[in-house]
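In what follows, a single structure is set out as structure tokens and then discussed.
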2 protein chains.
Amino acid sequence: MLNSVEKHIGVPAYIQIMNVIKKEILLGRLKSDDQLPPVRELAKIFKVNMNTVIRALEKLQGEEVIRAEHGVGYFITVTQNIDFSIIGELKKSIEKAKKDGLSLGMMKLLIEEVWKNVK
Amino acid sequence: MLNSVEKHIGVPAYIQIMNVIKKEILLGRLKSDDQLPPVRELAKIFKVNMNTVIRALEKLQGEEVIRAEHGVGYFITVTQNIDFSIIGELKKSIEKAKKDGLSLGMMKLLIEEVWKNVK
DNA sequence: ACTATTGTTCTATATAATTAGAACACTATA
DNA sequence: TATAGTGTTCTAATTATATAGAACAATAGT
């Protein structure tokens, strides 16, 4: 499930950690109210300093993906589990757009713009 | 169309420049083989050093959004113009996902993953 | 060839982001 | 109330990023 983070590949350790956790959620392997391993253990797993883990977890808190309980632990807090039919639809749209020559960078920008303008 | 870039707002000037150009393309105001203004002029417009413009343009080249011709200029190189029906579909999917509580961060990661796994 | 116009490269500097070490603080349970 | 297990904060150092100034190089037209 979790293994050590790659260093000096351009993408910061804490971002990689954030992504690992988000992917676990997208894959349904982490669900609402599940507790994460303690920060010190995560630090060992990812082979980074404890503060690098905390950096990642604090950012995830900012995105309201997890919550912290001082002295207790970190918990997944996404309010509902992902509806996989939505993922299927997204997949189709993306596939189509990619075939039509829309790059990933353009796609991301487009998504941000759409996101802003959607109620 | 183009105006000066915002400084000290967290997002680097060269990224803002990249996004401005991408948006012009998404909006259909810049099309394949259109020539961009010269780097020195862009530098004046955005009120940054010439090299900051170049930084943006080189990254856009990396994404194959534009191409450089030494001594001549920069040109849009996206192979085809965007099919707006695709944008409409994407919009619907995103709207749905947003309503279901999927955050922008999660959405972006999901899109990257889907992108990787799509032929 | 010369010149104006355009992109490119080299170098330096300032700023911001990233990571880490060590001490602190809260919680639960015995 | 002591202790083990957990998150938090403070500080420092390193590393990477972003921006800029100045000189170089290609192109096109004269």
Side-chain angles (χ1 to χ4, degrees), chain A residues 2-22 30 32-77 105 108-109, chain B residues 2-22 30 33-77 105 108:
Chain A
L2 304 178
N3 50 5
S4 105
V5 137
E6 295 183 53
K7 287 179 179 174
H8 316 117
I9 59 158
V11 31
Y14 80 95
I15 298 276
Q16 294 184 53
I17 293 169
M18 289 177 70
N19 286 345
V20 165
I21 292 171
K22 282 180 177 172
L30 281 175
S32 216
D33 294 320
D34 281 357
Q35 181 168 6
L36 293 177
V39 290
R40 285 166 185 81
E41 197 176 322
L42 288 173
K44 277 182 198 162
I45 292 172
F46 294 124
K47 296 203 173 72
V48 295
N49 185 277
M50 195 173 62
N51 283 358
T52 303
V53 171
I54 290 175
R55 180 76 173 279
L57 299 185
E58 280 179 344
K59 298 257 309 181
L60 286 175
Q61 254 194 116
E63 296 182 13
E64 298 188 308
V65 170
I66 62 177
R67 69 175 183 281
E69 291 184 24
H70 193 173
V72 184
Y74 279 93
F75 300 86
I76 305 294
T77 185
K108 280 188 188 172
L109 182 64
Chain B
L2 304 178
N3 50 6
S4 103
V5 137
E6 296 184 53
K7 286 179 180 174
H8 313 118
I9 60 158
V11 32
Y14 80 95
I15 298 275
Q16 294 184 54
I17 293 170
M18 288 176 72
N19 286 344
V20 165
I21 292 171
K22 283 179 178 174
L30 281 175
D33 293 319
D34 282 357
Q35 181 167 8
L36 293 178
V39 291
R40 285 166 185 80
E41 196 177 321
L42 289 174
K44 277 182 198 162
I45 294 171
F46 294 124
K47 297 201 173 73
V48 295
N49 185 275
M50 195 175 57
N51 284 356
T52 302
V53 171
I54 289 175
R55 179 78 173 277
L57 299 186
E58 281 179 343
K59 298 257 310 180
L60 286 175
Q61 255 193 113
E63 295 182 12
E64 300 189 306
V65 170
I66 63 178
R67 69 175 182 280
E69 291 184 23
H70 194 174
V72 184
Y74 279 92
F75 300 86
I76 305 293
T77 186
K108 280 188 187 171

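Atoms considered below: every heavy atom in the structure, side chains included; atoms not considered: hydrogens, waters and symmetry mates. First the proteins, then the strands, lettered A, B, ... as listed; each starts at 1.
Nearest to the side-chain atoms of A:R55 among the listed nucleotides C:dA20, D:dT9, C:dA17 stands C:dA17. When distances run from any side-chain atom of A:P12 to the nucleotides C:dT19, D:dG7, C:dA22, the shortest one goes to C:dT19.
Note that CD of A:Q61 is 9.5 Å distant from OG1 of A:T77, once rounded to the nearest 0.5 Å. The CG atom of A:L57 lies 11.0 Å from the CG atom of A:N51; values are rounded to the nearest 0.5 Å.
Taking the nucleotide of DNA chain C with the nearest heavy atom to each of A:N51 and B:I54, the more 5' of the two is matched to B:I54. For the pair B:E41 and A:V48, nearest-nucleotide mapping onto DNA chain C gives the more 5' position to B:E41.
Side-chain atoms of B:K59 and B:V65, non-hydrogen and from C-beta on, never get closer than 4.5 Å to each other. Taking the side chain as every heavy atom from C-beta outward, A:I17 and A:L42 never approach each other to under 4.5 Å.
In this structure, B:L36 atom CG and C:dG7 atom P are separated by 9 Å, rounded to whole Å. Regarding B:H70, its NE2 atom lies at a distance of 13 Å from the C1' atom of D:dA28, rounded to whole Å. The nearest whole Å value for the distance from the CD1 atom in B:I17 to the C1' atom in D:dT19 is 11 Å. Spacing between atom CD1 of A:I15 and atom C1' of D:dA16 amounts to 14 Å, rounded to whole angstrom units. Atom pair A:L60:CG and D:dG7:P shows a separation of 14 Å (rounding to whole Å applied). A straight line from NZ of A:K47 to P of C:dA20 spans 13 Å, rounded to a whole angstrom. Atom pair A:K44:NZ and D:dT6:P shows a separation of 10 Å (rounding to whole Å applied). A straight line from CD of B:E58 to P of D:dT17 spans 15 Å, rounded to a whole angstrom.
OP1 or OP2 of C:dG21 sits under 4.0 Å from a side-chain N or O of A:N49. Proximity of B:T52 to the phosphate of D:dA18: no side-chain N or O atom is located under 4.0 Å from OP1 or OP2. B:Y74 has a side-chain polar atom (N or O) that falls below the 4.0 Å cut-off from OP1 or OP2 of C:dT8.
At the heavy-atom level, A:L57 lies nowhere under 4.0 Å from the strands shown.
No donor-acceptor contact under 3.5 Å links the side chain of A:R40 to the base of D:dG5.
Across A:V48, A:V5, A:T52, a single residue satisfies side-chain contact (heavy atoms from CB on, under 4.5 Å) together with A:Y14, and that is A:T52.
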